[in-house]
Peer 1: 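Have a look at this one before I ask anything.
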Amino acid sequence: MSPLSRLFKEKISEALRQIGIEDSKDLIEIAPCLREELGHHQTNIAFRIAKSLGKAPLELARTLEEKLCLQNIAKSVQVTPPGFINVTWD
């Protein structure tokens, strides 16, 4: 895993802790975006845990996007339907 992938995973884990989900690192998968226009890395964590929280994946992804602390690190963070979180690095 690249340093930026590890950083993204840690930031997603921090965002999950902010909404009350602890010990999530084993659940978080970071992958390169398959479509370059969406960014460098993506995660499907919202799909993996939304049902257990009684939320829609897109709603959960947007909540996590708001909690991510990637200012001055990432060029952009965006949610794409049906619930992916994508990051483009500076």
Side-chain angles (χ1 to χ4, degrees):
M1 183 178 288
S2 74
L4 289 174
S5 294
R6 280 192 296 275
L7 175 63
F8 188 31
K9 186 173 185 172
E10 180 58 38
K11 294 298 184 178
I12 291 288
S13 181
E14 288 173 12
L16 288 167
R17 279 194 296 275
Q18 289 180 44
I19 63 168
I21 300 170
E22 301 291 331
D23 301 321
S24 61
K25 284 192 178 183
D26 291 339
L27 297 173
I28 302 168
E29 294 178 355
I30 304 296
C33 287
L34 297 177
R35 293 177 28 212
E36 187 175 302
E37 68 272 14
L38 295 178
H40 295 111
H41 290 100
Q42 67 183 18
T43 183
N44 66 353
I45 187 63
F47 295 105
R48 301 188 75 186
I49 63 172
K51 187 174 183 178
S52 67
L53 297 174
K55 295 186 176 211
L58 187 58
E59 175 189 357
L60 179 58
R62 287 184 175 141
T63 298
L64 293 173
E65 177 190 28
E66 292 172 3
K67 305 286 184 193
L68 283 173
C69 295
L70 289 171
Q71 299 85 352
N72 302 319
I73 301 170
K75 183 176 180 181
S76 69
V77 177
Q78 67 178 17
V79 170
T80 54
F84 291 96
I85 303 171
N86 307 292
V87 64
T88 301
W89 302 108
D90 278 333

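Starting from 1, each residue takes its place in the sequence as its number.
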Peer 1: I need the minimum non-hydrogen distance between Gln78 and Glu37, along with the two atoms involved.
Peer 2: NE2-O, 4.4 Å

Peer 1: Could you grab the distance from atom NZ of Lys51 to atom CG of Leu60, nearest 0.5 Å is fine?
Peer 2: 15.0 Å

Peer 1: Are Phe47 and Leu64 connected into the same hydrophobic cluster when the rule is that any two of I, L, V, M, F, W, Y join if their side-chain heavy atoms are below 4.5 Å apart?
Peer 2: no

Peer 1: Below 4.5 Å, heavy atoms only, C-beta onward: do Ile85 and Leu68 meet side chain to side chain?
Peer 2: yes

Peer 1: Is a side-chain donor or acceptor of Arg6 paired with a backbone partner of Met1 at a separation under 3.5 angstrom?
Peer 2: yes

Peer 1: Any chain of hydrophobic side-chain contacts (each under 4.5 Å) joining Ile28 to Val79?
Peer 2: yes

Peer 1: Provide the closest heavy-atom pair for Leu38 versus Thr88 in the form atom of the first, atom of the second, distance.
Peer 2: O-OG1, 4.1 Å

Peer 1: Counting distance only, does the side-chain N/O of Ser2 pair as donor-acceptor with the main-chain N or O of Ser5 below 3.5 Å?
Peer 2: yes

Peer 1: Compare all side-chain heavy atoms of His40 with those of Leu4 and state whether any distance is below 4.5 angstrom.
Peer 2: no

Peer 1: Partners of Glu22 by salt bridge (charged side-chain N to carboxylate O under 4.0 Å, His left out), sequence neighbours excluded?
Peer 2: none

Peer 1: Would a 4.5 Å heavy-atom cut-off, applied to side chains only, mark Leu53 and Ile21 as touching?
Peer 2: yes

Peer 1: Could you tell me the separation between the CD atom of Glu65 and the CD1 atom of Ile12, rounded to the nearest 0.5 Å?
Peer 2: 9.5 Å

Peer 1: Answer whether the closest heavy-atom distance between the side chains of Ile49 and Leu16 falls below 4.5 Å.
Peer 2: yes

Peer 1: Would you say that more than 12 heavy atoms from the other residues, nucleotides or ligands in this model lie under 6.0 Å from the CD of Glu36, or not?
Peer 2: no

Peer 1: Do the ring planes of His41 and Trp89 sit parallel (below 30°), tilted (30 to 60°) or perpendicular (above 60°)?
Peer 2: perpendicular

Peer 1: Are there more than 12 heavy atoms of other residues, nucleotides or ligands under 6.0 Å from atom CG of Asp23?
Peer 2: no

Peer 1: If you compare all heavy atoms of Ala46 against all heavy atoms of Gly83, which two are closest, and at what distance to 0.1 Å?
Peer 2: CB-O, 3.5 Å

Peer 1: If the threshold is 4.0 Å, N to carboxylate O, is there a salt bridge linking Glu14 and Lys11?
Peer 2: yes

Peer 1: Of all the heavy-atom pairs spanning Leu27 and Arg48, show the shortest one and how long it is.
Peer 2: O-NH1, 2.6 Å

Peer 1: Are Glu59 and Pro57 packed together at the side-chain level, in the sense that at least one heavy-atom pair is separated by less than 4.5 angstrom?
Peer 2: no

Peer 1: In the structure I gave you, are the side-chain heavy atoms of Cys33 and Phe84 within less than 4.5 Å of one another anywhere?
Peer 2: no

Peer 1: In Å, rounded to the nearest 0.5 Å, how long is the span from CG of Asn86 to OG1 of Thr80?
Peer 2: 4.0 Å

